[in-house]
S.K.: 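Pasting a structure here, questions to come.
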Amino acid sequence: MTSATAPRAVARDDRGFPRFWDEERETRDPRARDAVILDRVQAQLRYAYQELPFYRRHYDAHGFRPEQVRSLEDFTTKVPVITKKMLVADQIEHPPFGSYTRDFTAADGSSGIARIHGSSGTSGTPTMYAVSRADWERAADVHAMAQWCAGIRPDDVAQVGFPSDCSSAAGASCRAWNGSARPSSRWASPIPRSTWS
């Protein structure tokens, strides 16, 4: 999977903008799309089991192994459910991010963490999340594509009904868009003023 910072499409919409954010991905044959999704799900399950102690313990406790997922239906019926309560408990036992998050330390000893986010704790104990640069860029691409799919384009005005300082996933999309919509006010914008056109 690649990350885009601008639309990649040949087709144009009625306003002259690219019709798709990622034309190849968005117009893929459903069977081919499902095959790609299954391959990525299987890779993620293998990674989680091999690299993250929380998942290995949880999967082992339920008699689950990643190789049991051979279809998308298998994913929904065989993979043991994980609740936020379980993640909170693991994070308390393995601070600061829990044993369900990899070690982001780079080979040179520097931190590979791009952002640290936390939940508000409305359901009890707040949880902390470390986000790598690659994860941040993927989130930016996904959010930008979702908003592009909804029809938002560079000449639109966006009113965001919550404060955003570009530190959330919505903030990731504002960087990926590089000013794809004009905000109606400084406080309502997910797009930094420096990128306004």
S.K.: Do other residues, nucleotides or ligands put more than 12 heavy atoms under 6.0 Å from Lys84 NZ?
M.R.: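 It does: Lys84 NZ has more than 12 such atoms within range.
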
S.K.: Under 4.5 Å between side-chain heavy atoms, counting indirect links through other Ile/Leu/Val/Met/Phe/Trp/Tyr residues: same cluster for Leu45 and Leu87 or not?
M.R.: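 Linked, Leu45 and Leu87 end up in one cluster.
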
S.K.: Specify the closest pair of heavy atoms between Pro18 and Ala9, including all atoms of both residues, with the distance to one decimal.
M.R.: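 Answer, listing the atom of Pro18 first, then Ala9: CB-CB, 3.9 Å.
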
S.K.: Is it true that Arg57 and Asp60 make a salt bridge, defined as a side-chain N closer than 4.0 Å to a carboxylate O?
M.R.: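 Salt bridge: no.
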
S.K.: Membership question, hydrophobic clusters at under 4.5 Å side-chain separation (ILVMFWY): are Met128 and Phe54 in the same one?
M.R.: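 In one cluster with Phe54: Met128, no.
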
S.K.: Taking the side chain as everything from C-beta on, heavy atoms only, tell me whether Thr83 gets closer than 4.5 Å to Val88.
M.R.: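 Result no, sub-4.5 Å side-chain heavy-atom pair not found.
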
S.K.: For Tyr59, what residues pass the side-chain hydrogen bond (donor to acceptor under 3.5 Å, both in side chains) criterion, not counting sequence neighbours?
M.R.: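 None.
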
S.K.: Hydrophobic cluster membership, with links at side-chain heavy-atom distances under 4.5 Å among I/L/V/M/F/W/Y: are Val41 and Tyr100 in one?
M.R.: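 Per the 4.5 Å side-chain linkage, Val41 and Tyr100 are co-clustered.
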
S.K.: Indicate the atoms forming the closest heavy-atom contact of Pro80 with His58, along with that distance.
M.R.: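 Between these two residues, the closest heavy atoms are CB-NE2, 3.4 Å.
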
S.K.: Decide, yes or no, whether a salt bridge links Arg115 with Asp135 under the criterion of side-chain N to carboxylate O below 4.0 Å.
M.R.: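 Salt bridge flag = no for Asp135 with Arg115.
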
S.K.: Do Arg25 and Asp141 meet the salt-bridge criterion of a basic N to acidic O distance under 4.0 Å?
M.R.: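 Salt bridge flag = yes for Arg25 with Asp141.
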
S.K.: Testing the basics here: between Phe64 and Lys78, what is the closest heavy-atom pair and its distance to 0.1 Å?
M.R.: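 Scanning both residues, the minimum pair turns out to be CD1-O, 3.4 Å.
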
S.K.: Report yes or no: do Ile82 and Ile92 belong to one cluster of Ile/Leu/Val/Met/Phe/Trp/Tyr joined by side chain heavy-atom distances under 4.5 Å?
M.R.: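 No, Ile82 and Ile92 fall in different hydrophobic clusters.
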
S.K.: Using every non-hydrogen atom in the two residues, find where Phe20 and Pro7 come nearest and quote the distance to one decimal.
M.R.: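 Reported closest heavy-atom pair: O-CB, 3.6 Å.
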
S.K.: Does a side-chain N-to-carboxylate-O contact under 4.0 Å join Arg15 and Asp156?
M.R.: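 Salt bridge flag = yes for Asp156 with Arg15.
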
S.K.: Do Ser99 and Glu93 make a side-chain contact, defined as non-hydrogen atoms from C-beta onward lying under 4.5 Å apart?
M.R.: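 They are not in side-chain contact.
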
S.K.: Rounded to the nearest 0.5 Å, what separation is found between the OG atom of Ser111 and the CZ atom of Arg133?
M.R.: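 Interatomic distance, Ser111 OG to Arg133 CZ, rounded to 0.5 Å: 10.5 Å.
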
S.K.: With hydrophobic residues grouped by side-chain heavy-atom distances under 4.5 Å, do Tyr129 and Val142 end up in a single group?
M.R.: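 Different clusters: Tyr129 never reaches Val142 through Ile, Leu, Val, Met, Phe, Trp or Tyr contacts under 4.5 Å.
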
S.K.: So which heavy atom on Arg65 is nearest to which on Tyr49, and how close?
M.R.: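 That would be NE-OH, 3.6 Å.
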
S.K.: Among residues at least two apart in sequence or on other chains, which ones pass salt bridge (Lys or Arg N to Asp or Glu O under 4.0 Å) with Arg56?
M.R.: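 Not a single residue meets the salt bridge (Lys or Arg N to Asp or Glu O under 4.0 Å) criterion with Arg56.
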
S.K.: Measure from NZ or CZ of Arg8 to the centre of the six-membered ring of Trp21, then state whether that distance is under 6.0 Å and the direction lies within 45° of the axis.
M.R.: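 Because its charged atom misses either the 6.0 Å distance or the 45° angle limit, Arg8 does not stack over Trp21.
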
S.K.: Which heavy atom in Thr101 sits nearest to a heavy atom in Phe104, and how many Å separate them?
M.R.: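 Scanning both residues, the minimum pair turns out to be CG2-CE1, 3.4 Å.
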
S.K.: With a cut-off of 6.0 Å (strictly less than), are more than 12 heavy atoms of other residues, nucleotides or ligands near CD of Glu67?
M.R.: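 More than 12 within 6.0 Å, yes.
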
S.K.: Between Arg28 and Glu24, does any NZ, NE, NH1 or NH2 come within less than 4.0 Å of an OD or OE carboxylate oxygen?
M.R.: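 Counted as a salt bridge, because a side-chain N and a carboxylate O are separated by less than 4.0 Å.
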
